[in-house]
Protein chains: 2
Amino acid sequence: MARRPPIGNRIRALREQHGNMSQAALAEAIGVTRQTVIAMEQGRYSPSLESAFRISRVFGVGVEDVFSWTEPPDS
Amino acid sequence: MARRPPIGNRIRALREQHGNMSQAALAEAIGVTRQTVIAMEQGRYSPSLESAFRISRVFGVGVEDVFSWTEPPDS
DNA sequence: ATTCTTTGTAAAAAACTTTTGACATGTCAA
DNA sequence: TTGACATGTCAAAAGTTTTTTACAAAGAAT
């Protein structure tokens, strides 16, 4: 059922801050497809740790400057 | 074929620094199985970003204090 | 008005991560 | 030497992410 993960991201804002980098350009830069960037940006699922590292390095920041995690209430 | 990902981790060392926490105890603390901890620790695959966050918080450090990424030569 | 770019949707298949369960080994201590 | 505990292997199934392909809408483009 693939619920929305409790991880937020600032990908869109970072793209804008980097010369209005397009989703397609970011996808190519990190070696994934555009669909993957769209899904991550929309929070439909959380990326692999490897993709997270690649994205953060493209923007020259740390992983936790791109992605944030809030502990879900322990069900 | 699930090649070994270019991500290293210091999970074992951090477990030891935290009172010789067992793999089973870590697994329970982050809500995964022991098999998953073993596989991550051995670098057989890289965890989800969510698991990475949970692990780092158990040890009270940042994601990049647990996991490291070295850019692979662009094949 | 058509061309180009960007963003978006959708669905199936492929790839990868995680779980489940069973079993093996070594150590430690009692 | 039994019992508990820690780590490890293996394999199949289940769950999640990523790819692939195709199409749609909006804006700039001028």
Side-chain angles (χ1 to χ4, degrees), chain A residues 1-59 63-64 66-72 74-75, chain B residues 1-59 63-64 66-72 74-75:
Chain A
M1 215 163 278
R3 77 196 195 301
R4 183 180 244 90
I7 292 185
N9 73 80
R10 306 202 315 116
I11 297 175
R12 183 178 292 261
L14 287 163
R15 280 196 298 110
E16 286 163 1
Q17 288 168 31
H18 281 254
N20 287 313
M21 186 179 210
S22 71
Q23 290 173 336
L26 175 58
E28 186 175 29
I30 69 177
V32 301
T33 64
R34 191 170 61 86
Q35 298 309 321
T36 298
V37 169
I38 291 172
M40 292 189 310
E41 203 164 298
Q42 293 177 344
R44 312 211 324 90
Y45 49 70
S46 59
S48 67
L49 184 53
E50 190 170 343
S51 290
F53 267 111
R54 288 181 184 275
I55 290 172
S56 68
R57 294 311 185 261
V58 163
F59 294 130
V63 167
E64 303 204 26
V66 183
F67 299 93
S68 60
W69 178 68
T70 48
E71 185 144 16
D74 56 308
S75 60
Chain B
M1 218 162 281
R3 77 193 196 301
R4 181 179 245 90
I7 292 186
N9 72 80
R10 306 203 313 119
I11 296 174
R12 183 178 291 263
L14 287 163
R15 280 197 300 110
E16 285 163 0
Q17 287 168 31
H18 281 252
N20 287 313
M21 185 180 211
S22 70
Q23 291 173 335
L26 176 58
E28 186 175 30
I30 69 176
V32 301
T33 65
R34 192 169 62 87
Q35 298 309 321
T36 299
V37 169
I38 291 172
M40 291 188 311
E41 203 164 298
Q42 293 177 343
R44 311 213 319 91
Y45 48 70
S46 58
S48 67
L49 184 53
E50 189 170 343
S51 290
F53 266 113
R54 287 181 184 272
I55 290 172
S56 68
R57 294 310 185 262
V58 162
F59 294 129
V63 168
E64 303 204 26
V66 183
F67 299 93
S68 61
W69 178 69
T70 47
E71 184 143 20
D74 55 309
S75 58

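Order of the sequence lines sets the chain letters (A, B, ...), proteins ahead of strands, with each chain counted from 1. All values below were derived from every heavy atom in this structure, side-chain atoms included, with hydrogens, water molecules and symmetry-related copies excluded.
- Between A:Met21 and B:Gly31, it is A:Met21 whose nearest contact on DNA chain C lies nearer the 5' terminus.
- Within the 4.0 Å cut-off from OP1 or OP2 of C:dT6, not a single side-chain nitrogen or oxygen of A:Arg12 is found.
- By the 6.0 Å contact criterion, CD on A:Glu28 is open, its count of non-hydrogen atoms from other residues, nucleotides or ligands being 12 or less.
- Proximity of A:Ser46 to the phosphate of D:dT16: no side-chain N or O atom is located under 4.0 Å from OP1 or OP2.
- The CD atom of B:Glu28 sits 12 Å away from the P atom of D:dA6 (whole-angstrom rounding).
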Under the side-chain contact (heavy atoms from CB on, under 4.5 Å) criterion, do A:Ser51 and A:Val32 qualify, and how do the steps go? CA-CA 8 Å; A:Ser51 290; A:Val32 301; 3.9 Å; yes
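- The CG-P distance, from A:Asn20 to D:dA28, rounds to 14 Å in whole Å.
- Side-chain atoms of B:Val32 lie closest to C:dT19 of the nucleotides C:dT19, D:dT18, C:dT9.
- Atom-to-atom, CD of A:Gln23 to C1' of D:dG27 comes out at 15 Å; the value is rounded to the nearest Å.
- When side chains are defined from C-beta on, A:Ser46 does not count as touching A:Phe67, because their heavy atoms never get closer than 4.5 Å.
- Between B:Ser48 and the phosphate of C:dT18, there is a side-chain N or O to OP1/OP2 separation shorter than 4.0 Å.
- Neither OP1 nor OP2 of C:dT7 sits under 4.0 Å from any side-chain N or O of A:Gln35.
- Within the 4.5 Å cutoff, the side chain of B:Glu64 has no heavy atoms near those of the B:Trp69 side chain.
- In terms of phosphate contacts, A:Arg44 brings no side-chain nitrogen or oxygen within less than 4.0 Å of OP1 or OP2 of C:dG8.
- Atom pair B:Leu49:CG and D:dT16:P shows a separation of 16 Å (rounding to whole Å applied).
- Across all strands shown, A:Thr36 has heavy atoms under 4.0 Å from base atoms, whether or not it also approaches the sugar-phosphate.
- Distance A:Glu41 CD to C:dT9 C1': 15 Å, rounded to the nearest Å.
- Computed from coordinates, the B:Ile11 CD1 to D:dT7 C1' distance equals 15 Å when rounded to whole Å.
- When the P atom of C:dA24 is taken as reference, atom CZ of B:Arg34 falls 15 Å away, rounded to whole Å.
- Considering only the side chain of B:Ser22, D:dA6 comes nearest among D:dA6, C:dT18, D:dG8.
- Contact check for B:Arg54 versus B:Val58: no side-chain heavy atoms found under the 4.5 Å cut-off.
- Taking atom CD of A:Gln42 as the reference point, atom P of D:dT18 lies 14 Å away to the nearest angstrom.
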